[in-house]
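Note that the coordinates shown come from a computational prediction; the quantities given were computed from them, not determined experimentally.
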Amino acid sequence: MELLQMKFMREYTKITKDAALKGWHERNGGNISYRLKEEEAVAIRDFVNEESEYTAIGVTVENLASEYFLLTGSGKFIRNVALSQEENVGIIKIDEKGENYKIVWGLINGAKPTSELASHLMSHSVKKRKTNDKYRVIMHSHTTNLIALTFVLPLDGKVFTRELWEMATECPVVFPDGIGVVPWMVPGGAEIGKETSNLMEEHDVVIWAHHGTFCSGETMDLTFGLMDTVEKSAEILVKVLAMGGKKQTITADNFRDLAEGFNVILPEKFLYEK
Ligand code: 2HA
Ligand code: ZN
């Protein structure tokens, strides 16, 4: 089967298209990476060029040694992925030390992997370890309403979690481990990658103040769905605040009942007295 016909590539093309239609990816905003399964790494063998040069990642991700990632190119527009995958995305391979990468497919005409490579790979590294190899997707989007909230809510993960849980009953079930918040930082490097991946130890959602959101998950559907749920909840909160604020809400005890009914653990630290 041709590489472009493979399921992971078709799914990736779909997620980029859907995310662009959501309005989360203006210009070259945002980036998405997927860690290939063993059988996918075998299936692409006939289509990749393993002769390319290695480049330093800038961080060490030991447990990602020899892994393959499909990811967006630096400066590329997510809305153009479906138009030409080879120009806008690529597959990279990590070396056996977890220190360098080489492009084995795509990113033609001198393109490079996403400028947020450090945040992606460091987050993949944490999630691979924490989820026993299950999580494969890291998605960074410029989610309008979540960004707006970083100008009015305290930059505290506990507050973001509780306020967003209150905006839709499904929220605590979809992201029971809550949200982490990175204060404003210069994007595109190892430092913000370290902060982001530290928060990924505990959360599947990390917000970058005045910038955007990182979500992680097992599949592209679940990761997109998580981004969609959190951003929708933020949209409701923005509307509620614009209408003059809450007059009633889901209470801490309601959440405790929900946890029991849905068999999820909702950490008490998010259910603080207000
Ligand atoms: O790709 O989103 O954070 C552009 C960005 C950088
Ligand atoms: Zn960004």
Side-chain angles (χ1 to χ4, degrees), residues 1 3-4 6-16 18-19 30-45 47-50 52 54-74 76 78 81 85 88-107 112-141 190 193-194 196-201 203-206 213-227:
M1 193 192 291
L3 204 153
L4 288 177
M6 291 179 190
K7 186 141 187 274
F8 73 92
M9 187 58 97
R10 286 188 287 121
E11 276 181 2
Y12 188 88
T13 305
K14 180 175 189 290
I15 194 177
T16 52
D18 289 347
N31 20 78
I32 304 171
S33 61
Y34 169 72
R35 184 166 59 86
L36 271 66
K37 294 179 183 159
E38 239 172 79
E39 63 268 27
E40 290 163 341
V42 171
I44 63 171
R45 253 181 214 163
F47 306 98
V48 299
N49 168 23
E50 296 270 354
S52 48
Y54 275 111
T55 304
I57 300 168
V59 296
T60 305
V61 282
E62 256 172 57
N63 69 334
L64 301 183
S66 307
E67 294 266 12
Y68 290 85
F69 291 87
L70 172 62
L71 39 68
T72 29
S74 177
K76 301 299 181 185
I78 281 198
V81 170
Q85 285 95 338
N88 296 298
V89 307
I91 298 175
I92 62 166
K93 184 183 187 181
I94 310 297
D95 70 356
E96 64 281 0
K97 286 188 174 151
E99 289 174 356
N100 302 286
Y101 73 84
K102 64 181 177 186
I103 298 168
V104 299
W105 182 88
L107 294 174
K112 292 196 185 74
T114 167
S115 60
E116 304 297 356
L117 187 63
S119 286
H120 278 261
L121 293 182
M122 291 172 97
S123 297
H124 273 292
S125 172
V126 166
K127 286 302 183 189
K128 185 182 176 188
R129 168 169 50 78
K130 294 289 284 193
T131 69
N132 206 3
D133 208 31
K134 277 204 188 119
Y135 275 30
R136 299 193 168 270
V137 186
I138 300 288
M139 178 173 190
H140 167 54
S141 302
K194 184 84 198 124
T196 307
S197 60
N198 280 344
L199 289 166
M200 284 287 180
E201 295 274 348
H203 311 285
D204 286 348
V205 186
V206 175
T213 308
F214 270 78
C215 283
S216 58
E218 211 173 314
T219 63
M220 292 188 230
D221 261 352
L222 287 170
T223 311
F224 180 91
L226 177 59
M227 188 74 79

#### Entry: Sub-4.5 Å side-chain heavy-atom contact between Lys97 and Tyr54
no

### Task
To the nearest 0.5 Å, tell me how far Leu199 CG sits from Lys194 NZ.
11.0 Å

### Short side-chain donor-acceptor distance under 3.5 Å, Thr13 and Gln85
yes

### Message
Once side-chain contact (heavy atoms from CB on, under 4.5 Å) is applied, do any residues pair with Ser216, and if so which ones, sequence neighbours excluded?
### Response
Lys127, Tyr135, Ile138, Met200, Asp204

### Query
Would Asp133 and Lys37 pass as an ion pair if we require N to O under 4.0 Å?
no

### Side-chain heavy-atom pair Leu3, Ile91 within 4.5 angstrom cut-off
yes

### Query
From Thr16 OG1 over to Met220 CE, what is the distance, rounded to the nearest 0.5 angstrom?
9.5 Å

### Query
For the residue pair Gly193 and Ser119, what are the closest heavy atoms and their distance?
CA-OG, 3.2 Å

### Task
Taking the side chain as every heavy atom from C-beta outward, state whether Leu71 and Asn31 have any pair of such atoms under 4.5 Å apart.
no

### Query
Between Met122 and Thr196, is any pair of side-chain heavy atoms under 4.5 Å apart?
no

### Query
Does a salt bridge link Lys102 with Glu50, judged by any charged N lying under 4.0 Å from a carboxylate O?
yes

### Message
Is any side-chain heavy atom of Val137 closer than 4.5 Å to one of Phe224?
### Response
no

### Summary
The side chain to side chain contact (heavy atoms under 4.5 Å, CB included) partner of Leu121 among Thr60, Val126, Leu64 is Leu64

#### Entry: Pairwise distance OG(Ser123) to CG(Asn198) - rounded to 0.5 angstrom
9.5 Å

### Summary
Interatomic distance, CG@Leu70 vs CD@Glu11, rounded to 0.5 Å, equals 11.0 Å

### Message
For the residue pair Thr114 / His120, report whether a side-chain donor-acceptor contact shorter than 3.5 Å exists.
### Response
no

### Task
Look at the side chain of Thr72 and the backbone N and O of Ile32, then say whether any donor-acceptor pair between them is shorter than 3.5 Å.
yes

### Summary
For Val59 and Ala118 the tightest heavy-atom approach is CG1-CB, 4.3 Å

### Query
When you measure from the side chain of Arg136 to the backbone N and O of Thr219, does any donor-acceptor pair fall under 3.5 Å?
no

## Note on the structure
By side-chain contact (heavy atoms from CB on, under 4.5 Å), Asn63 pairs with (sequence neighbours left out) Ser125, Lys128, Arg129

### Query
Counting only heavy atoms not in Glu201, do more than 12 fall under 6.0 Å of its CD?
yes

### Message
For a 4.5 angstrom cut-off between non-hydrogen side-chain atoms, does Glu218 reach Thr131?
### Response
no

### Task
Start with the C-alpha gap between Ile15 and Met139, add the side-chain angles, then the distance that decides, and say whether side-chain contact (heavy atoms from CB on, under 4.5 Å) holds.
CA-CA 10 Å; Ile15 194 177; Met139 178 173 190; 4.1 Å; yes

### Message
Can you tell me if Glu38 has over 12 outside heavy atoms packed within less than 6.0 Å of its CD?
### Response
no

### Task
List the atom of Cys215, the atom of Leu226, and the distance in Å for their closest heavy-atom pair.
SG-CG, 3.9 Å

### Message
Can you tell me which residue among Asn49, Val89, Ile44 is in a side chain to side chain contact (heavy atoms under 4.5 Å, CB included) with Trp105?
### Response
Val89

### Message
Nearest 0.5 Å, please: how far is CE in Met9 from OH in Tyr34?
### Response
11.0 Å

### Task
Identify the two heavy atoms, one from Ile92 and one from Pro113, that lie closest to each other, and give their separation to 0.1 Å.
CG2-CG, 4.1 Å

### Message
Within this structure, what is the NZ-CZ distance for the pair Lys134 and Arg35, rounded to the nearest 0.5 Å?
### Response
12.5 Å

